[in-house]
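Single-structure report; data block below.
First the proteins, then the strands, lettered A, B, ... as listed; each starts at 1.
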Amino acid sequence: MKTYKQKTDFLYIGVKLLKWYQTHKRDLPWRKSINPYNIWISEVVLQQTQVKQGMQHYLNFVERFPDVDTLANADEEEVLLYWKGLGYYSRALNLHKAAKQLVTDYNSEFPETYAELLKLKGVGKYTAAAIASISFHEKVAAVDGNFYRVLSRLFADDFDISNSRAFQYFSELTELIMPETDAGCFNQAMMDLGSEVCKPKNPLCSDCPLQDDCRAFAIGKINQFPVKLKKTKVENLALSYQFIYHDDQFLVKQRDTSDIWKKLFEYPKNLDFNDIDFIEEHEKVIQHKLTHRNLEISISKILIPNKCDFDKIKTENDFLSFSFTEAEQKSFPKPLHDYYIKYFS
DNA sequence: AATTCGGGGTA
DNA sequence: TACCCAGAATT
């Protein structure tokens, strides 16, 4: 680590940040209480996800699953349904597993310490710290991407944030400014500052409560921090699907837990028809960009005129079949993830 | 210690 | 386009 002065020399910065937070904190639904369940769900929704994107999913999720027991007792497929379109689907699977853990091992009550919260599936160092500090007032820093950015600018520190030791490094830097009390507010203040003021591009330094303390601002090199050396790599992937339908039904298949879209549903691939009568109507090609992949998805649209043949396909291949609504049928094809899970009354 | 998990927003 | 986001599990 670079050489810094004594810890006490920087503590006033954290105090100043807390003061700023009192009047500038965002009005967010999960800040209306410190109920650990709601804090937990919000923190998981917001992993690698911006507030604007995760907001509606959070609201829908806690409305349908308002507490640990409701979530634990729900079907996995329905939990996934409420996560549809949000990405990083292991988050939903782990939420469900952790809810079951809480019911079985903790009598449906949240453990109240950082160390114990870490044992829950899908709860890592950041999320455990967020819950412990916000809901249980434990003094532990919830170090995330906002901390990396704010601290690297504040101290004009060029430590590579893509380095696997970055978490440890910026955790130690946090100690320099973190007040003894109000850890939950401090953590959320760092998030709000990073999100609303100390933004990745074009930070609003004129609105920043820490402008006078910011080393990067002082030397006019705000845009050089944080330093990130590793670049994102993208690969191309081709998927070939068959949209096989009859009347108001079509075939989908559940993916496994490997690779992308864990346990979500997709059209069948490479299905062998043998003696079954069918009509191939047309083929549609969709370009779909993911963070780490560029997908080219080709979909053959196939009508099975004979209901018996359709049932035969289902049976022989053990596919799940869902009905779809007329509106969804008319809008075909849409982006693929819209078709994964179907529920109809 | 490095890679792999999504999808929306931003410049 | 490339990069970012209230990261965690897996390899």
Side-chain angles (χ1 to χ4, degrees), chain A residues 25-26 28-31 38-58 80 83-95 97-98 117-134 140-150 152 160-168 170-171 184-196 198-204 223 225-235 237 255-264 288-295 335-338 340:
Chain A
K25 72 174 185 180
R26 287 176 288 178
L28 301 169
W30 45 86
R31 287 181 175 173
N38 293 78
I39 300 297
W40 172 47
I41 302 299
S42 73
E43 293 302 343
V44 175
V45 164
L46 294 170
Q47 286 168 9
Q48 297 295 286
T49 305
Q50 302 192 26
V51 169
K52 190 191 303 181
Q53 183 190 1
M55 177 70 78
Q56 196 54 53
H57 278 86
Y58 167 81
L80 278 173
W83 213 262
K84 185 176 74 167
L86 194 53
Y88 284 171
Y89 296 94
S90 3
R91 290 184 294 175
L93 300 173
N94 284 333
L95 274 180
K97 289 177 191 167
L117 286 161
L118 263 183
K119 297 178 181 175
L120 298 173
K121 290 292 291 181
V123 175
K125 289 171 291 191
Y126 163 76
T127 305
I131 300 173
S133 63
I134 296 171
V140 51
V143 178
D144 70 338
N146 289 306
F147 279 59
Y148 290 4
R149 187 170 58 259
V150 170
S152 65
D160 175 20
I161 66 168
S162 61
N163 187 303
S164 56
R165 292 196 300 275
F167 180 85
Q168 177 60 33
F170 287 101
S171 295
C185 287
F186 172 78
N187 286 330
Q188 294 178 89
M190 289 287 282
M191 298 172 204
D192 280 16
L193 187 72
S195 169
E196 304 294 294
C198 198
K199 302 186 294 183
K201 300 284 178 64
N202 303 330
L204 308 177
N223 60 347
F225 298 96
V227 171
K228 184 176 183 179
L229 299 181
K230 195 184 305 178
K231 303 301 177 189
T232 310
K233 64 173 181 181
V234 178
E235 65 182 55
L237 180 63
R255 297 178 64 89
D256 59 28
T257 56
S258 64
D259 206 77
I260 57 176
W261 301 328
K262 296 187 200 309
K263 290 202 172 186
L264 294 186
H288 189 66
K289 285 184 178 300
L290 278 56
T291 297
H292 301 281
R293 278 176 244 260
N294 291 327
L295 301 182
L336 194 61
H337 62 264
D338 286 343
Y340 282 142

Between [N] and [X], counting only base atoms on the nucleotide and side-chain atoms on the residue, is there a donor-acceptor pair under 3.5 Å?
X	N	value
Thr49(A)	dG7(B)	no
Thr291(A)	dG7(B)	yes
Arg26(A)	dA6(C)	yes
Gln53(A)	dG7(B)	yes

If you only use heavy atoms from C-beta on, which nucleotide in [options] is closest to the side chain of [X]?
X	options	result
Lys228(A)	dA6(C), dC4(C), dG7(C)	dC4(C)
Arg149(A)	dG7(C), dC5(B), dC5(C)	dC5(C)
Leu290(A)	dC5(B), dA6(C), dG7(B)	dG7(B)
Ser195(A)	dA8(C), dA6(C), dG6(B)	dA6(C)
Asn94(A)	dA9(C), dG7(B), dA11(B)	dA9(C)
Gln50(A)	dG8(B), dT3(B), dA9(C)	dG8(B)
Gln48(A)	dG7(B), dG7(C), dG8(B)	dG7(C)
Lys262(A)	dT10(B), dC5(B), dG7(C)	dC5(B)
Pro200(A)	dC5(B), dC5(C), dC3(C)	dC5(C)
Asn146(A)	dC5(B), dA6(C), dA9(C)	dA6(C)

Please tell me which of Arg31(A) and Leu120(A) maps to the more 5' nucleotide of DNA chain C, matching each residue to the nucleotide holding its nearest heavy atom.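 Closest to the 5' end, via its nearest nucleotide, is Arg31(A).
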Just wondering, do Tyr88(A) and dG6(B) stack (centres under 5.5 Å, planes under 30°)?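 According to the criterion (under 5.5 Å, under 30°), yes, Tyr88(A) stacks.
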What is the separation between atom [atom1] on [X] and atom [atom2] on [N], rounded to the nearest whole Å?
X	N	atom1	atom2	value
Ile161(A)	dA1(B)	CD1	C1'	17 Å
Lys52(A)	dA6(C)	NZ	P	12 Å
Asp144(A)	dC5(C)	CG	P	8 Å

Knowing that exactly one of Leu28(A), Asn38(A), Val51(A), Val44(A) qualifies, which makes a side-chain contact (heavy atoms from CB on, under 4.5 Å) with Tyr58(A)?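 Looking at Leu28(A), Asn38(A), Val51(A), Val44(A), the match for Tyr58(A) under the side-chain contact (heavy atoms from CB on, under 4.5 Å) is Asn38(A).
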Inter-nucleotide [atom1] distance ([N], [M]), Å rounded:
N	M	atom1	result
dT1(C)	dC5(B)	C1'	23 Å
dA8(C)	dG9(B)	P	23 Å
dA1(B)	dC5(C)	P	23 Å
dG6(B)	dC4(C)	C1'	13 Å
dG8(B)	dA9(C)	C1'	23 Å

Over 60° means perpendicular and under 30° means parallel, so tell me whether Phe147(A) and Phe186(A) are parallel, tilted or perpendicular.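 Because their plane-to-plane angle is over 60°, the rings of Phe147(A) and Phe186(A) count as perpendicular.
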Below 4.0 Å: OP1/OP2 of [N] and any side-chain N or O of [X]:
X	N	value
Lys233(A)	dT3(B)	no
Trp261(A)	dG7(B)	yes
Ser164(A)	dA2(B)	yes
Arg293(A)	dC5(B)	yes
Lys201(A)	dG9(B)	no
Arg91(A)	dA9(C)	no

Taking side chain as C-beta onward, heavy atoms only, is Gln48(A) less than 4.5 Å from Tyr88(A)?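 Sidechains of Tyr88(A) and Gln48(A): in contact.
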Decide, yes or no, whether a salt bridge links Lys25(A) with Asp192(A) under the criterion of side-chain N to carboxylate O below 4.0 Å.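 No, no charged N to carboxylate O under 4.0 Å.
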Please report the shortest heavy-atom distance between Pro226(A) and Tyr148(A), naming the atom on each side.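 In terms of heavy atoms, the two residues are closest at CB-O, 4.4 Å.
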First encountered from the 5' end of DNA chain B, between Ser162(A) and Ile260(A):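 Comparing both residues, the 5'-ward one is Ser162(A).
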